[in-house]
Novice: 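Quick one: structure below, then a few questions.
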Amino acid sequence: MPSNVRAGLAGAAVLLAVAVIAWATGLLGESAEDQVNAVADDFHGQLSADRLDAAMSHLDPTVAPVEVRGPSLMGGPGFTRVYGNGALPDLRRDAMRALAPVMGETFTELRRSVEMADDDEAASVALELLSTSRGTVRVELGVVRDGERWLVRKVAVSR
């Protein structure tokens, strides 16, 4: 075998080995920002129990308390609640009650901004959503990394 063919094969083998190592260590996988965007994707679309469950899968009050802020339905001041360890059933129940009037509606994403912390361990997401009956709604998410997953620690909804 000619030496230039051997050198080409050796170079290809080295490139293949580097690619396999990079893939195995996650260097070519999703970036932290891609992972945060995947979380944000579960917070818009057609509102249903399944969509709510998808969003709730990113909340774990046993690991990190979850702060929920929302507008008043009667025009007064809004509300803030913090759900801690053991409160996931309460959080789901409260979310189902609050969202019952808009179940079945579709919230279309108009704008999204994602700001990553310098260490890629936390992020802030701002979504501007449009509903045909409610107009525009702003949803802000505060997320933190927990190992290989991202947890939502803050959900703020405003009009």
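Heads up: numbering here begins at 1 and tracks the sequence. As the structure is a prediction and not an experimental result, all values here were calculated from the model.
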Novice: Nearest 0.5 Å, what's the CZ-CZ distance between Phe43 and Arg51?
Specialist: 10.0 Å

Novice: Taking all atoms of both residues into account, what is the closest heavy-atom pair of Phe107 and His44, and its distance?
Specialist: O-CB, 3.5 Å

Novice: Could you go through Arg81 and Asp90, starting from their C-alpha distance and side-chain angles, then the distance that decides it, and tell me whether this counts as salt bridge (charged side-chain N to carboxylate O under 4.0 Å, His left out)?
Specialist: CA-CA 11 Å; Arg81 290 197 181 100; Asp90 297 334; over 6 Å; no

Novice: Grab the two heavy atoms, one from Met116 and one from Glu33, that are nearest each other, plus how far apart they are.
Specialist: SD-CA, 3.9 Å

Novice: Should Val139 and Leu129 count as side-chain neighbours, where that means a heavy-atom distance under 4.5 Å?
Specialist: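 They are in side-chain contact.
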
Novice: Considering the options Asn85, Asp60, Val82, which one meets the side-chain contact (heavy atoms from CB on, under 4.5 Å) requirement together with Pro65?
Specialist: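 For Pro65, the side-chain contact (heavy atoms from CB on, under 4.5 Å) check succeeds only for Val82.
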
Novice: How long is the straight-line distance from NE2 of His58 back to CG of Leu141, given to the nearest 0.5 Å?
Specialist: 9.5 Å

Novice: I'd like to know whether Asp50 forms a side chain to side chain donor-acceptor pair (under 3.5 Å) with Ser48, so could you lay out the CA-CA distance, the side-chain angles of the two residues, the decisive distance to 0.1 Å, and finally the verdict.
Specialist: CA-CA 5 Å; Asp50 289 342; Ser48 64; 5.1 Å; no

Novice: For side chain to side chain contact (heavy atoms under 4.5 Å, CB included), just list the numbers for Val39 and Val36, CA-CA rounded to whole Å, side-chain angles, deciding distance to a tenth of an Å, and then say yes or no.
Specialist: CA-CA 5 Å; Val39 170; Val36 169; 5.6 Å; no

Novice: Short question: side chain of Glu30, backbone of Gln35 - any donor-acceptor pair under 3.5 Å?
Specialist: no

Novice: Going through the distances and angles, do Val143 and Leu151 end up as a side chain to side chain contact (heavy atoms under 4.5 Å, CB included)?
Specialist: CA-CA 5 Å; Val143 295; Leu151 293 178; over 6 Å; no

Novice: Compare every heavy atom of Gly86 with every heavy atom of Pro89, then report the nearest pair and how far apart it is.
Specialist: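 So the two residues come closest at CD-O, 3.7 Å.
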
Novice: Would you name the heavy atoms of Asp42 and Ala55 that are closest together and state the gap between them?
Specialist: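 Looking at all heavy atoms of both residues, the closest pair is O-CB, 3.5 Å.
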
Novice: Determine, for Glu67 against Lys154, whether the closest basic-nitrogen to carboxylate-oxygen distance falls under 4.0 angstrom.
Specialist: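 So Glu67 does not pair with Lys154 through a salt bridge.
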
Novice: For the CG atom of Leu52 and the CE atom of Met103, what is their distance to the nearest 0.5 Å?
Specialist: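 Here the interatomic distance stands at 5.5 Å.
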
Novice: Do Ser133 and Glu105 meet the criterion of a side-chain donor-acceptor pair at a distance under 3.5 Å?
Specialist: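 Judged by distance alone, the side chains do pair up.
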
Novice: What distance separates Asp120 CG from Ser31 OG, expressed to the nearest 0.5 Å?
Specialist: 8.0 Å

Novice: Considering non-hydrogen atoms only, spot the tightest contact between Asn37 and Arg112 and give its length.
Specialist: OD1-NH1, 2.8 Å

Novice: Taking all non-hydrogen atoms of both residues, which atom of Gly84 and which atom of Pro61 are closest, and how far apart?
Specialist: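 Shortest heavy-atom contact: O-CB, 3.1 Å.
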
Novice: Nearest 0.5 Å please: distance from the CZ atom of Arg145 over to the CD atom of Glu121.
Specialist: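 The distance works out to 5.0 Å.
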
Novice: Could you check Val68 against Tyr83 for side chain to side chain contact (heavy atoms under 4.5 Å, CB included), going step by step and ending with a plain yes or no?
Specialist: CA-CA 8 Å; Val68 178; Tyr83 297 86; 3.9 Å; yes

Novice: Are Thr136 and Glu128 close enough, and set up right, to give a side chain to side chain donor-acceptor pair (under 3.5 Å), and what steps lead you there?
Specialist: CA-CA 7 Å; Thr136 59; Glu128 186 177 351; 4.5 Å; no

Novice: Distance check, rounded to the nearest 0.5 Å: Arg93 atom CZ versus Leu88 atom CG?
Specialist: 11.5 Å

Novice: Please determine whether a side-chain nitrogen of the Lys or Arg among Glu140 and Arg138 lies less than 4.0 Å from a carboxylate oxygen of the Asp or Glu.
Specialist: yes

